[in-house]
Each structure stands twice: as C-alpha cells, then as structure tokens.
Amino acid sequence: AQVGGFLVVESPHAADVSQRLKAAGVSTDSRGTALRLGPAPYLCDDQLDEAMAKLGEVCRQTPAP
C-alpha cells in the first residue's frame, strides 16, 4: 500500500534534467529537487533501458552540485 509507481531521483538540477530528458524523448516531471520517472505498464524493457541510458547521458552532462 505504501509503494508508488514512480522512480524518484533527488537532484538540485531536477527541473533542468527533466527538460533535457523531454527533449530526448523521455517523459518525466520534477517537483522541487525530485526528478520523477513513472514507467508505464505498456512500455517494453527496451524502452525502459533506453530511457535509463538517456538519463545517464544527461546526468553526465550536468554539473555536480
């Protein structure tokens, strides 16, 4: 009952990362320092793997806090 469907990553750059992921075709949102990824049940494993790879690319390009 206490488990949600989102993966939340905390970052002071959450809004910027969310915008850059959207430009790369990955839907996310941010709330304050929380970057929220909500994998839908109709996505296949390859799509989830691609989204995580894009998250890694964007994070590597983001300055450390």
Side-chain angles (χ1 to χ4, degrees):
Q2 295 181 358
V3 177
F6 285 91
L7 168 66
V8 177
V9 178
E10 293 288 332
S11 169
H13 304 287
D16 178 55
V17 170
S18 180
Q19 289 176 349
R20 292 195 288 148
L21 284 171
K22 182 179 277 189
V26 178
S27 296
T28 68
D29 74 352
S30 64
R31 295 181 183 182
T33 60
L35 173 68
R36 299 175 355 125
L37 298 104
Y42 52 82
L43 295 176
C44 70
D45 288 351
D46 289 342
Q47 290 170 305
L48 295 172
D49 289 342
E50 183 178 344
M52 291 300 98
K54 287 181 181 178
L55 174 61
E57 290 171 17
V58 168
C59 288
R60 283 189 291 278
Q61 297 168 359
T62 302

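Predicted model, so just to flag it, every value in this text is computed and none were measured.
Every side chain to side chain contact (heavy atoms under 4.5 Å, CB included) that Thr28 has, sequence neighbours left out, goes to Ser18, Leu21, Val26, Leu35, Leu37. With sequence neighbours left out, Glu10 forms a side chain to side chain contact (heavy atoms under 4.5 Å, CB included) with Val8, Thr33, Ala34. Contacts of Glu57 classified as salt bridge (charged side-chain N to carboxylate O under 4.0 Å, His left out), with partners at least two apart in sequence or in another chain: none. Listed by chain and number, the residues in a side-chain hydrogen bond (donor to acceptor under 3.5 Å, both in side chains) with Lys22 amount to none (sequence neighbours excluded). Checked against side-chain hydrogen bond (donor to acceptor under 3.5 Å, both in side chains), Glu50 has the following partners two or more places apart in sequence or in another chain: Lys54. A search for side chain to side chain contact (heavy atoms under 4.5 Å, CB included) contacts involving Gln19 returns nothing, not counting sequence neighbours. Here Asp16 pairs with Arg20 under the side chain to side chain contact (heavy atoms under 4.5 Å, CB included) rule; sequence neighbours left out. With sequence neighbours excluded, the residues satisfying side-chain hydrogen bond (donor to acceptor under 3.5 Å, both in side chains) with Arg36 are Asp29.
With hydrophobic clusters built from ILVMFWY side chains whose heavy atoms lie under 4.5 angstrom apart, Val17 shares a cluster with Met52.
Closest non-hydrogen pair, Ala14 versus Gly32, comes out as CB-O, 3.7 Å. Between Gln47 and Cys44, the shortest heavy-atom distance links the atoms OE1-N, 2.8 Å.
Residue pairs meeting the salt bridge (charged side-chain N to carboxylate O under 4.0 Å, His left out) criterion with at least one partner in residues 37-47, sequence neighbours excluded, do not occur; the list is empty.
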